[in-house]
Amino acid sequence: MDLGISGRTAIVCAASKGLGKGCAVALAREGVNVVISARGAEALGATAAETRKLAPKISVRAVAGDVTTEEGRQALLAACPNPDILITNAGGPPPGDFKDFSMDDWRRAVEGNMITPLALIRATVYGMMDRKFGRILNITSFSVKSPIASLELSNG
């Protein structure tokens with residue numbers, strides 16, 4: 001099936017493994033140039049190399065950094081200021097019991113799962129609107145719909 005996105009450019013967050021990696025590889029196979037990010041430079045580099053091998057005609061750029069920080073987001077957006085496709089994603093906060101989490105734990109969870117996607121959307125959506133093309137996909141935990149025991153920071 002031709003999705004009509006060949007030649008477009010995508011940002012894919014948390015792309016070194018899991019759903020993010022799967023999205024990056026699928027987009028690359030569709031002919032989309034990808035800018036992938038993750039905190040772990042080694043795993044991200046391996047994913048970039050694998051993606052280049054699977055789709056040698058497209059551009060794959062890896063930006064190691066933590067997009068839950070302003071510095072990480074700025075580095076990612078400097079590498080790809082005008083994406084056509086934005087896929088927000090995060091590894092998710094650690095499991096645990098509600099009573100054991102500090103307010104700083106809650107702040108980090110909100111920053112990673114809510115503020116970061118909003119900041120990336122805000123930074124890219126108006127360019128998408130100006131270019132009259134854009135796709136945004138937010139990957140998050142199923143626990144936002146149906147709570148999962150021990151994933152208190154995601155459930156909240």
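Treat the numbers as computed from the prediction; the structure is a model and nothing was measured.
Closest non-hydrogen pair, V34 versus A24, comes out as CG1-O, 4.0 Å. Residues S16 and T47 come closest through the heavy atom pair O-OG1, 2.7 Å. In plain terms, the two heavy atoms of G20 and V12 that are nearest each other are O-CG1, 3.3 Å.
L120 and V35 fall within a single hydrophobic cluster, where Ile, Leu, Val, Met, Phe, Trp and Tyr side chains are chained together by heavy-atom contacts under 4.5 Å. Residues V60 and I11 do not share a hydrophobic cluster, defined by chaining ILVMFWY side chains whose heavy atoms lie under 4.5 Å apart. A continuous path of Ile, Leu, Val, Met, Phe, Trp and Tyr side chains, each step under 4.5 Å between heavy atoms, connects L3 with L137, placing both in one hydrophobic cluster. F133 and I136 fall into different hydrophobic clusters, where Ile, Leu, Val, Met, Phe, Trp and Tyr residues are linked whenever their side-chain heavy atoms come under 4.5 Å apart, directly or through other members.
Residues in residues 127-139 take part in these salt bridge (charged side-chain N to carboxylate O under 4.0 Å, His left out) pairs, two or more places apart or across chains: D84-R131. Listed by first and then second residue, the side-chain hydrogen bond (donor to acceptor under 3.5 Å, both in side chains) pairs that reach into residues 31-40 come to none, sequence neighbours excluded. For the side-chain hydrogen bond (donor to acceptor under 3.5 Å, both in side chains) condition, no pair includes a residue of residues 117-127, sequence neighbours left out. The stretch residues 11-36 participates, sequence neighbours left out, in these salt bridge (charged side-chain N to carboxylate O under 4.0 Å, His left out) pairs: K21-E50.
Heavy-atom contacts from other residues, nucleotides or ligands closer than 6.0 Å to CZ of R52 number more than 12.
Residues that satisfy the side-chain hydrogen bond (donor to acceptor under 3.5 Å, both in side chains) test with T88, not counting sequence neighbours, are N138. Legend: residues meeting side chain to side chain contact (heavy atoms under 4.5 Å, CB included) with A62, ordered by chain and number and at least two apart, are I36, L44, A48. K53 pairs by the salt bridge (charged side-chain N to carboxylate O under 4.0 Å, His left out) definition with nothing, not counting sequence neighbours. Partners of A90 under the side chain to side chain contact (heavy atoms under 4.5 Å, CB included) rule, at least two apart in sequence or in another chain, are N113. In this view, D100 and D97 satisfy the side chain to side chain contact (heavy atoms under 4.5 Å, CB included) rule, not counting sequence neighbours.
Atoms CD1 and SG, on I139 and C23 in that order, are 4.0 Å from each other to the nearest 0.5 Å.
Side-chain atoms of I87 and L27, non-hydrogen and from C-beta on, do get closer than 4.5 Å to each other. Counting only heavy atoms from C-beta outward, the side chains of L86 and I121 approach each other to under 4.5 Å. Two residues are said to be in side-chain contact when any heavy atoms from C-beta on lie closer than 4.5 Å; N82 and T9 fail this criterion. A 4.5 Å side-chain heavy-atom check between D104 and S102 finds at least one atom pair inside the cut-off.
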* Stepwise, does the side chain to side chain donor-acceptor pair (under 3.5 Å) test hold for D66 with T69? -> CA-CA 6 Å; D66 184 352; T69 68; 5.1 Å; no

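Taking Ile, Leu, Val, Met, Phe, Trp and Tyr as members and joining any whose side-chain heavy atoms lie under 4.5 Å apart, directly or through other members, the hydrophobic cluster of V25 also contains L54. As a member of the Ile/Leu/Val/Met/Phe/Trp/Tyr network built from side-chain separations under 4.5 Å, V110 groups with M114, I115, L118.
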Determine all donor-acceptor pairs shorter than 3.5 Å in which one atom belongs to a side chain in residues 72-80; sequence neighbours excluded.
residue, atom, partner, partner atom, Å
R73, NH1, V67, O, 3.0
R73, NH1, T68, O, 3.4
R73, NH1, E111, OE2, 3.4
R73, NH1, T116, OG1, 3.2
R73, NH2, E70, OE1, 3.2
Q74, NE2, E70, OE2, 2.7

